[in-house]
Amino acid sequence: MRNWIPTLLLAAVVLAGCDDDHVVSPRDTTAPAAPRGVRTVTGDHEVTVTWLANTEADLAGYRVYISNCAGGPGCEYTRIGTTQGTSFVVDALQNGTTRYFDVSAVDAAGNESTPTQDYFYDTPRPEGSGLHVSNYLADTLHAGYDFGGYTVVNWHNVNADVVYGRSGGLALLTAPFTDTQIQDAGYASSLDAVDYGPPSGWAPSGTVEAIPGHCYILLVRDHHYAKLRVTSLDNAEVTLEWAYQIDPDNPELRQRPDREMPRNRRAFPWAPSAARAVGAVDPLAARAQD
């Protein structure tokens with residue numbers, strides 16, 4: 001019996017040691033924080049969603065969601081993609097239709113954060129580059145641009161939203177009708193630098209100096225926002241990048257409806273014959289002095 005008792009105690013110690021080898025760590029159930037700094041950039045048939053990077057060490061990536069509504073009962077957000085980066089391009093969207101977006105963060109254990117604390121929306125719109133508009137004093141037939149028609153027009157066409165011309169050594173962009181406003185948004189390396197239309201700050205005269213690299217915002221008739229960027233210019237023409245928001249009153253830069261009301265031109269002579277007559281006042285020169 002004296003030898004049996006120590007042997008029994010030794011077996012108990014060994015068994016206890018075996019139990020220690022099978023200790024299971026608690027499962028990670030802590031979700032990452034919701035992404036911060038979410039913003040959207042409007043594109044042509046697409047929207048780019050960006051956000052600030054999370055700081056969790058076990059972060060695995062992000063999930064991006066889209067919806068036709070902001071929130072509330074019956075408003076469903078559908079997951080459209082995942083990424084390990086901090087931006088995601090949502091393409092194949094319909095121009096002029098507002099969509100809502102949200103982003104969540106996911107860790108290595110599969111825990112997903114709550115959605116961001118706000119909803120984010122954007123409205124894709126058409127855009128283009130390499131648009132050539134002539135100097136109206138040299139080529140009146142191609143000196144205007146109609147955003148709603150996506151076409152270059154005669155400078156005195158009733159659908160012209162902006163006209164290009166030169167006067168007194170200045171290159172000028174003019175909104176020829178009083179129902180269209182324009183302002184200089186300053187220099188930018190790309191048209192995307194301007195992604196929102198302002199409620200004020202318009203040039204009282206309807207004319208701004210055209211400067212290479214500068215962006216310009218317009219609020220055209222029927223409450224549609226548009227923007228331009230001058231890529232180059234000379235005495236003959238200006239080359240532009242452009243974007244036009246077809247959703248009315250939407251500053252996120254429908255085809256505008258047919259206009260039945262007459263448009264009022266700004267109060268200065270626009271006829272080419274008047275502008276070129278000896279001793280006549282050049283309308284763009286008058287604008288440059290405002």
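In this text the structure is predicted, and so the values were computed from the model without any measurement.
Tyr100 and Tyr121 have tilted rings, their planes meeting at an angle from 30° to 60° on a 0 to 90° scale. Ring geometry, His214 versus Tyr187: the interplanar angle exceeds 60°, so the pair is classed perpendicular (tilted spans 30 to 60°).
Between the side chains of Asn235 and Asn135, not a single donor N or O lies within less than 3.5 Å of an accepting N or O. Defined by atom type and a distance below 3.5 Å, a donor-acceptor pair is present between the side-chain atoms of Thr207 and Thr174. For the 3.5 Å distance criterion, the side chains of Ser104 and Ser113 fail to qualify, holding no donor opposite an acceptor. Remark: the Asp122 side chain and the Thr42 side chain contain an N/O donor-acceptor pair separated by less than 3.5 Å.
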With a 3.5 Å cut-off and sequence neighbours excluded, list the donor-acceptor pairs that the side chains of residues 124-134 form with protein atoms.
{"unit_1": "Arg125", "atom_1": "NE", "unit_2": "Leu253", "atom_2": "O", "d": "2.1"}
{"unit_1": "Arg125", "atom_1": "NH1", "unit_2": "Glu127", "atom_2": "OE1", "d": "2.8"}
{"unit_1": "Arg125", "atom_1": "NH2", "unit_2": "Glu127", "atom_2": "OE1", "d": "3.2"}
{"unit_1": "His132", "atom_1": "ND1", "unit_2": "Glu237", "atom_2": "OE2", "d": "3.1"}
{"unit_1": "His132", "atom_1": "ND1", "unit_2": "Thr239", "atom_2": "OG1", "d": "3.1"}
{"unit_1": "Ser134", "atom_1": "OG", "unit_2": "Asp139", "atom_2": "OD2", "d": "3.1"}

Name every donor-acceptor pair, under 3.5 Å, that has one atom in a side chain of residues 68-76 and the other anywhere in the protein, sequence neighbours excluded.
{"unit_1": "Asn68", "atom_1": "OD1", "unit_2": "Arg99", "atom_2": "NE", "d": "2.8"}
{"unit_1": "Asn68", "atom_1": "OD1", "unit_2": "Arg99", "atom_2": "NH2", "d": "3.1"}

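Arg229 places a side-chain N or O within 3.5 Å of a backbone atom of Ala188 that can act as its donor or acceptor partner. Side-chain atoms of Tyr136 do not come within 3.5 Å of backbone N or O of Asn154 as any donor-acceptor pair. Using modelled atom types, one side-chain atom of Lys227 and one backbone atom of Leu191 make a donor-acceptor pair closer than 3.5 Å. Looking only at distances, a side-chain donor or acceptor of Asp102 sits under 3.5 Å from a matching main-chain atom of Thr116. With Asn54 contributing its side chain and Ala33 its backbone, the two residues share a donor-acceptor pair below 3.5 Å. Remark: side-chain polar atoms of Asp234 are paired, donor with acceptor, to backbone N or O of Ala236 under 3.5 angstrom. The backbone N or O of Asp247 sits nowhere less than 3.5 Å from a side-chain atom of Glu252 that would complete a donor-acceptor pair. When atom types are taken as modelled, the side chain of Arg166 and the backbone of Leu137 share no donor-acceptor pair closer than 3.5 angstrom.
Every residue two or more places apart in sequence or in another chain that forms a ring pair (Phe, Tyr, Trp, His ring centres under 6.0 Å) with Trp51 is listed here: Tyr62.
No side-chain heavy atom of Ile66 sits less than 4.5 Å from a side-chain heavy atom of Val47.
Under a hydrophobic clustering in which Ile, Leu, Val, Met, Phe, Trp and Tyr are joined whenever their side-chain heavy atoms come within less than 4.5 Å, directly or via other members, Leu228 and Val152 fall into the same cluster.
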